[in-house]
2 protein chains.
Amino acid sequence: MTQKDNEKHFKEKIKAIQDTMFVLGGKWKLPVILSIYSGNKRFNDIAGSIPGITNRVLSKELKHLEENLLIRRDVINDYPVRIEYTITDYCLTTEEVAAPLEKWGKTHRKKLHGKL
Amino acid sequence: MTQKDNEKHFKEKIKAIQDTMFVLGGKWKLPVILSIYSGNKRFNDIAGSIPGITNRVLSKELKHLEENLLIRRDVINDYPVRIEYTITDYCLTTEEVAAPLEKWGKTHRKKLHGKL
DNA sequence: GATACCTGTATCCAAAAGGATACTTAATCC
DNA sequence: GGATTAAGTATCCTTTTGGATACAGGTATC
């Protein structure tokens with residue numbers, strides 16, 4: 001492999017990571033997915049399950065996740081009109097990302113402060 | 001397992017992910033690690049290898065990574081005084097996070113726009 | 001028609017992240 | 001003492017992300 005090939009691969013690697021960070025990065029996106037995955041379907045339930053999130057932020061994150069085909073928003077027409085969020089099949093692939101992040105976060109905490 | 005246990009686990013999961021995001025998240029941290037890992041040791045080499053990064057941002061990221069025990073900064077005393085950045089052994093564990101992020105980013109790009 | 005319930009949006013603001021670019025410092029060579 | 005080279009800082013700015021809080025809009029019940 002030439003030097004140029006190496007550089008090309010390196011830059012593609014960077015781009016792929018930055019893409020993932022755009023879609024799943026930030027403080028809230030994976031927590032929102034996990035919350036829905038673990039059974040919360042409705043806006044206020046999701047909001048209540050994630051410590052510190054506000055309405056405005058949750059609303060934005062839900063839209064972002066819907067645009068990226070990770071969740072679905074269904075309107076249920078009984079009283080009162082309910083909205084149900086569910087994760088898509090595709091969303092299950094994010095587990096490949098979430099699990100390593102969770103694991104690394106736990107070991108890093110130990111590494112830095114001993115155990116807490 | 002009780003409902004309370006479930007909630008506790010859920011919140012710990014969230015916290016672990018948010019911790020990782022703090023240390024490795026954002027646009028530049030993993031790219032900087034990868035650059036050093038792939039052989040760049042000096043400030044200007046690292047800067048040159050990562051498209052779009054600026055001096056100021058790189059400087060901040062290097063400090064952040066050093067504080068988190070992921071890279072080491074060595075002063076080499078010949079002329080002109082050189083600084084060498086190297087990744088620590090501990091840093092190798094970030095591959096467990098970087099590889100899935102890279103993989104997911106690539107498949108997601110296909111999912112969204114067909115292949116590009 | 002007042003009330004209550006639910007899903008958000010509107011408005012305004014604060015903090016963090018990222019960016020452009022000039023400059024400093026320090027050594028050594030000539 | 002002027003030129004060169006390297007690492008990073010200083011300054012100022014823009015963009016993105018996150019946060020607090022009020023309340024709109026629709027419907028059904030009382």
(request) Evaluate the side-chain proximity of Asp74(B) to Ile83(B): yes if any heavy-atom separation is below 4.5 Å, no if none is. (result) no
Expected rows: protein N/O vs nucleotides 23-28 of chain D N/O, under 3.5 Å:
none

Counting the atoms with a prime plus P, OP1 and OP2 as sugar-phosphate, which does [X] contact under 4.0 Å by heavy atoms, base, sugar-phosphate, or nothing?
X        : value
Lys27(B) : sugar-phosphate
Phe22(B) : nothing
Lys29(B) : nothing

Minimum-distance nucleotide (side-chain atoms of [X] versus [options]):
X        : options                 : result
Arg42(A) : dG19(C), dG8(C), dC6(C) : dC6(C)
Asn44(A) : dG8(C), dT7(C), dC12(C) : dT7(C)
Trp28(A) : dA7(D), dG18(D), dG8(C) : dG18(D)

Within less than 4.0 Å of OP1 or OP2 of [N], is there a side-chain N or O belonging to [X]?
X        : N       : answer
Arg82(A) : dC5(C)  : no
Thr54(A) : dA20(D) : no
Lys63(A) : dT9(C)  : yes
Tyr85(A) : dG8(C)  : yes

(request) Verify the ring-centre separation between His108(B) and Phe22(A): is it less than 6.0 angstrom? (result) no
(request) State plainly whether the residues Lys63(A) and Glu61(A) are in salt-bridge range, i.e. N to O under 4.0 Å. (result) no
(message) Any carboxylate oxygen within less than 4.0 angstrom of a Lys/Arg side-chain nitrogen, looking at Lys103(B) and Glu96(A)?
(response) yes
Please state how far atom [atom1] in [X] lies from atom [atom2] in [N], giving the value in whole angstrom units.
X        : N       : atom1 : atom2 : result
Leu58(B) : dG19(C) : CG    : P     : 12 Å
Ile83(B) : dA27(C) : CD1   : P     : 13 Å
Ile76(B) : dA7(D)  : CD1   : C1'   : 14 Å
Ile53(A) : dA20(D) : CD1   : P     : 12 Å
Lys41(B) : dG8(D)  : NZ    : P     : 15 Å
Phe43(A) : dT9(C)  : CZ    : C1'   : 9 Å
Glu84(A) : dT7(C)  : CD    : C1'   : 13 Å
Ile71(A) : dG8(C)  : CD1   : C1'   : 14 Å

(request) Ignoring hydrogens and angles, answer whether the base of dT17(D) and the side-chain atoms of Arg56(A) contain a donor-acceptor pair closer than 3.5 Å. (result) no
(message) Between Trp104(A) and Thr93(B), is there a side-chain donor-acceptor contact under 3.5 Å, judged purely by atom types and distance?
(response) yes
(request) Could you walk me through whether Ile36(B) and Leu62(B) pass side-chain contact (heavy atoms from CB on, under 4.5 Å), step by step? (result) CA-CA 10 Å; Ile36(B) 299 175; Leu62(B) 288 169; 4.1 Å; yes
(request) Output the distance between atom CG (Asn68(B)) and atom CD (Glu66(B)), rounded to the nearest 0.5 Å. (result) 10.5 Å
(message) Rounded at 0.5 Å granularity, tell me how far CD in Glu102(B) sits from CD in Glu95(B).
(response) 8.0 Å
